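Have a look at the structure below, then the notes.
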Amino acid sequence: MKPTVHDIARSAGVSLATVDRVLNGRPGVRHVTRERVEQAISSLGYVRDVAAANLAKGRTYSFVFVLPNYDNSFMIGIRDEVHAAISRSGAERTQIRIVEVPPFDAAALADALNHIVPDRPDGVAFVAVEGLEVHAAVAGLKDAGIAVVTLVSDLPGSERDHFAGIDNHAAGRTAANLLGRFTGGRDGRIAVIAGSMLVRDHRERLEGFLAVMGESFARLDVLPVMEARDNPALTAEVVSAALGRYPDIIGLYSLGAGNRGMLHALREVAREARPVVVAHELTATTRAALSHDLIDAVLNQDAGHEVRSAIRVLKGKVEGLSVIAAQERIRIDIFLKDNMP
């Protein structure tokens, strides 16, 4: 049975009126009480159903998701989740469409965002790429009264309303701790493969990774990051070249979505010479690699949660409601061969 506002009130030891004020972002609640209510919301798994509240109003929300059009497994998963949301449009009172743009292309992304403005949707969610033109495009959306959520990769310093994604610094730090421990005290080099440093999620993961490596695993020499635009063929080429040039690579961190290419390169290496590998996103590709000992650990973010959170926040912004941080926090999961769901 789904938790209700009555359950929240009982768990937090407050009145229904207090729960209502917290849920709707109204004043008159002490900070400590608000925290207690939000903790109850988080522990109970309560999800505010803005669509149900507006069903009687006959309100329909129009949203646009702007997504990169490349075919890595994680972004396919994001697209699938948006399509799943589209299939629920009738019940959830939404009209959602997808606009595709070239990956890692700030100019193309800004152009797409600018072209959305005349349509006046209620909200836009997009995978951010750094660029002054993208910041300007977000400002244009906000000037038009359109709610804006960044998805997976953030755009700090912009006028966006919310970021639906994981703490990427924490993800990078976690990857470094896993690699450092899994290498078992050996000395050697660590290779890092990314999509592009133009996207904030890749850059923040690298920053977190390097920080922990420097603090806790100074014996390991981290090579300069390799950028392969999450392209399988290019990733396979640069990883193979690195493994050939540096036979003492004992660890590999794949912080982007080029896992298919990375695995192609690793299959060419003798089993006993393969490095310890930490990658991102639990997909069919990385599941198989975990099962066959090509990858040692996978850090995962829930694509479905991210898309649902983006939609929920956009609806809330349209209604003037505050974001409930505990409800929208995206968790980082760690999967090994033995605990895959």
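In this text, all values refer to a predicted model and were calculated from it rather than measured experimentally. Starting from 1, each residue takes its place in the sequence as its number.
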Gap between atom CG of D248 and atom CD1 of I190 - 0.5 Å precision: 10.0 Å
Kindly indicate whether the side chain of M262, heavy atoms from C-beta on, has any atom under 4.5 Å from the side chain of V277. yes
Verify the cluster assignment for V225 and V212: are they in a single hydrophobic cluster under the rule of side-chain heavy atoms below 4.5 Å apart? yes
Gap between atom NE2 of H169 and atom CZ of R203 - 0.5 Å precision: 9.0 Å
Is there a donor-acceptor pair under 3.5 Å between the side chain of R189 and the backbone N or O of D221? no
Is the closest side-chain heavy-atom distance between I76 and T283 below 4.5 Å? no
S158 (side chain) donor-acceptor with H135 (main chain) under 3.5 angstrom: no
By side-chain hydrogen bond (donor to acceptor under 3.5 Å, both in side chains) - contacts of R245 (at least two apart): none
Do the side chains of I96 and V318 join up, straight or via other hydrophobic residues, at under 4.5 Å, putting them in one cluster? yes
Side chain to side chain donor-acceptor pair (under 3.5 Å) with R260: of N231, T286, D71, N72, only one passes, and it is D71
Short side-chain to backbone donor-acceptor contact, S42 and E38, under 3.5 Å: no
D161 with K142: basic N within carboxylate O range, under 4.0 Å: yes
When rounded to the nearest 0.5 angstrom, what is the spacing between CZ in R160 and CG in D154? 4.0 Å
Would you indicate whether the side-chain heavy atoms of E92 and Y61 approach each other to under 4.5 Å? no
Heavy-atom pair of closest approach, residues A265 and A236: CB-O, 3.7 Å
Looking at every heavy atom in both D111 and H115, which two are closest together, and how far apart are they? O-ND1, 2.8 Å
So, R219 and T183: side-chain donor and acceptor under 3.5 Å apart, yes or no? yes
Sequence-distant partners of H162, side-chain hydrogen bond (donor to acceptor under 3.5 Å, both in side chains), two or more places apart: none
Side-chain donor-acceptor pair present, R173, N177, cut-off under 3.5 Å: no
How about D302 and R331: do any of their side-chain heavy atoms sit closer than 4.5 Å? no
Would F163 end up clustered with V307 when hydrophobic side chains under 4.5 Å apart are linked, directly or stepwise? no
Is a side-chain donor or acceptor of S43 paired with a backbone partner of Q39 at a separation under 3.5 angstrom? yes
Does a donor on one side chain sit under 3.5 Å from an acceptor on the other, for S309 and E328? yes
With a 4.5 Å heavy-atom cut-off, do V14 and T33 have their side chains touching? yes
So R200 and N168, side-chain contact (heavy atoms from CB on, under 4.5 Å) or not? Walk me through it. CA-CA 9 Å; R200 174 71 61 160; N168 284 294; over 6 Å; no
State which residue, out of F209, Y253, F335, fulfils the ring-ring contact (aromatic ring centres under 6.0 Å, His included) condition with H280. Y253
Please determine whether residues L255 and I250 belong to a single hydrophobic cluster, defined as Ile, Leu, Val, Met, Phe, Trp and Tyr linked transitively by side-chain heavy-atom distances below 4.5 Å. yes
Are the side chains of V152 and Q301 in contact, using a 4.5 Å heavy-atom criterion? yes
In terms of heavy-atom contacts, does NE2 of H83 have more than 12 from other residues, nucleotides or ligands at under 6.0 Å? yes
Once rounded to the nearest 0.5 Å, what's the spacing between atom CZ of R79 and atom CG of L67? 7.0 Å
Of L151, V66, L314, the residue whose pairing with V124 passes side-chain contact (heavy atoms from CB on, under 4.5 Å): V66
Near H305 NE2, under 6.0 Å, is it more than 12 heavy atoms from other residues, nucleotides or ligands? yes
Any chance you could measure Y46, atom OH, to L23, atom CG, to the nearest 0.5 Å? 5.0 Å
If you apply the rule side-chain contact (heavy atoms from CB on, under 4.5 Å), what do you find for D201 with V127, and how did you get there? CA-CA 10 Å; D201 57 331; V127 179; over 6 Å; no
Distance-minimising heavy-atom pair for I332 and A171: CD1-N, 3.8 Å
Closest non-hydrogen atom pair between A191 and M226, with its separation: CB-CE, 4.0 Å
Quick one: closest heavy-atom pair of S11 and A40, and the distance? OG-CB, 3.7 Å
NZ/NE/NH1/NH2 to OD/OE distance under 4.0 Å, D293 and R274: no
Verdict with supporting geometry, L141 and V117, side-chain contact (heavy atoms from CB on, under 4.5 Å): CA-CA 6 Å; L141 289 167; V117 172; 3.7 Å; yes
Taking the hydrophobic residues Ile, Leu, Val, Met, Phe, Trp and Tyr, and joining any pair whose side-chain heavy atoms are under 4.5 Å apart, which ones share a cluster with L132? none
Minimal non-hydrogen separation, D296 against V276, with atom names: OD2-CA, 3.3 Å
Are V5 and V29 linked, directly or through other ILVMFWY residues, by side chains that come within less than 4.5 angstrom of each other? yes
Within the distance-only criterion (no hydrogens, no angle test), does the side chain of R88 pair as donor or acceptor with the backbone N or O of T94 below 3.5 angstrom? no
Could you walk me through whether F65 and I78 pass side-chain contact (heavy atoms from CB on, under 4.5 Å), step by step? CA-CA 10 Å; F65 277 75; I78 289 286; 5.9 Å; no
Beyond-backbone contact of F104 with D230, side-chain heavy atoms, under 4.5 angstrom: yes
Nearest-0.5 Å distance, CG of residue L44 to OG1 of residue T4: 8.5 Å
Student check: side-chain heavy atoms of V323 and K317 closer than 4.5 Å: yes
